[in-house]
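Step one of this worksheet: look at the structure below.
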Amino acid sequence: MVAEANQTIPRTLIFTYGTLKRGFWNHTLLQDLMRTGDASFIGIYRTMEPFPLVCGPYQVPFLINSPGSGHRVEGEVYAVTNRGLGRTDELEGLSRGHYVRLPIDVEATDGGGVVAAEAYYAHPSYAMELWKKKESGGGVISSYSEKEAKGYVKRKDRPQHLSFLDHIRLFLSSSSSD
């Protein structure tokens, strides 16, 4: 009976391309949401248009809102309730200017068709500068994989005296593209 009731709750489709995907550090949030009925896995998808996907400080992935550039990005789609969306928005730092959540069209890799979803894009305050820095070093990728995640540093293991935006500013001001 509970499962039937959950089907009538409005849900937003979220396209995940980084640490929220299965097998990566922040997927535990989606697992928690699935246990409470606030999220369900829909499938493996790819963006309809190319987008730049880059890794910034601590190998954190960022999707840049510049359709037509980069690659068709691979990821996963989840149907999330408003309560679940609040939790993913918090993780992605929407209220703190880390990311913005915007529409994106994605296509099922198994031929299941195109859906309108939403994705977390790098915040416009730093997105283009981050993309330019990574593009010059050949750092635009089509999928966040184990290779990129190898250097990922969990939030609890990053210097705590700096904000996430401070880490991005330091990364952008460094001479290295890594």
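For the numbers below, each heavy atom of this structure counts, side chains included, while hydrogens, waters and symmetry mates do not.
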Is it the case that the side chains of Glu148 and Ser145 hold a donor-acceptor pair, with the cut-off being a distance below 3.5 Å and no angle test? yes
Look at the side chain of Asp32 and the backbone N and O of Leu29, then say whether any donor-acceptor pair between them is shorter than 3.5 Å. no
For the CG atom of Asp38 and the CG atom of Leu30, what is their distance to the nearest 0.5 Å? 11.0 Å
Is the Tyr126 ring parallel, tilted or perpendicular to the Phe62 ring (thresholds 30°, 60°)? perpendicular
Under the 3.5 angstrom rule, does the side chain of Arg158 hit a backbone N or O of Val153 as a donor-acceptor pair? yes
Could you tell me whether the side chain of Lys133 and the main chain of Met128 form a donor-acceptor pair under 3.5 Å? no
Salt bridge (Lys or Arg N to Asp or Glu O under 4.0 Å) for Glu129 and Arg169? Distances and angles first, verdict last. CA-CA 10 Å; Glu129 192 177 350; Arg169 284 192 219 42; over 6 Å; no
salt_bridge(Glu118, Arg101) N-O dist < 4.0 Å: yes
Before giving the answer on salt bridge (Lys or Arg N to Asp or Glu O under 4.0 Å), spell out for Arg22 and Glu76 the whole-Å C-alpha distance, their side-chain angles and the decisive distance to 0.1 Å. CA-CA 8 Å; Arg22 293 173 298 176; Glu76 300 171 351; 3.0 Å; yes
Could you check whether His71 and Phe51 have their ring centres less than 6.0 Å apart? no
Neighbour count above 12 (heavy atom, 6.0 Å) for Gln160 CD: yes
Distance in Å, Ile141 CD1 paired with Lys147 NZ, rounded so as to fall on 0.5 Å steps: 8.5 Å
Thr88-Tyr120 side chain donor-acceptor pair, cut-off 3.5 Å: yes
Answer with yes or no after comparing the ring centroid distance for Tyr99 and His123 against a 6.0 Å cut-off, counting only values under it. no
Donor-acceptor pair, distance only, cut-off 3.5 Å: does the side chain of Thr81 make one with the backbone of Gly84? yes
Strictly distance-based, threshold 3.5 Å: is any side-chain N or O of Lys21 a donor or acceptor partner for the main-chain N or O of His27? no
Looking only at atom types and distance, does a side-chain atom of Thr47 sit under 3.5 Å from a main-chain N or O of Val73, one as donor and one as acceptor? yes
Would a hydrophobic clustering, with Ile, Leu, Val, Met, Phe, Trp and Tyr connected at side-chain separations under 4.5 Å, put Leu102 with Leu94? yes
Establish, yes or no, whether a centroid distance under 6.0 Å links the rings of Phe24 and Tyr144. yes
Within a reach of under 6.0 Å around CZ of Arg96, are more than 12 heavy atoms found that belong to other residues, nucleotides or ligands? yes
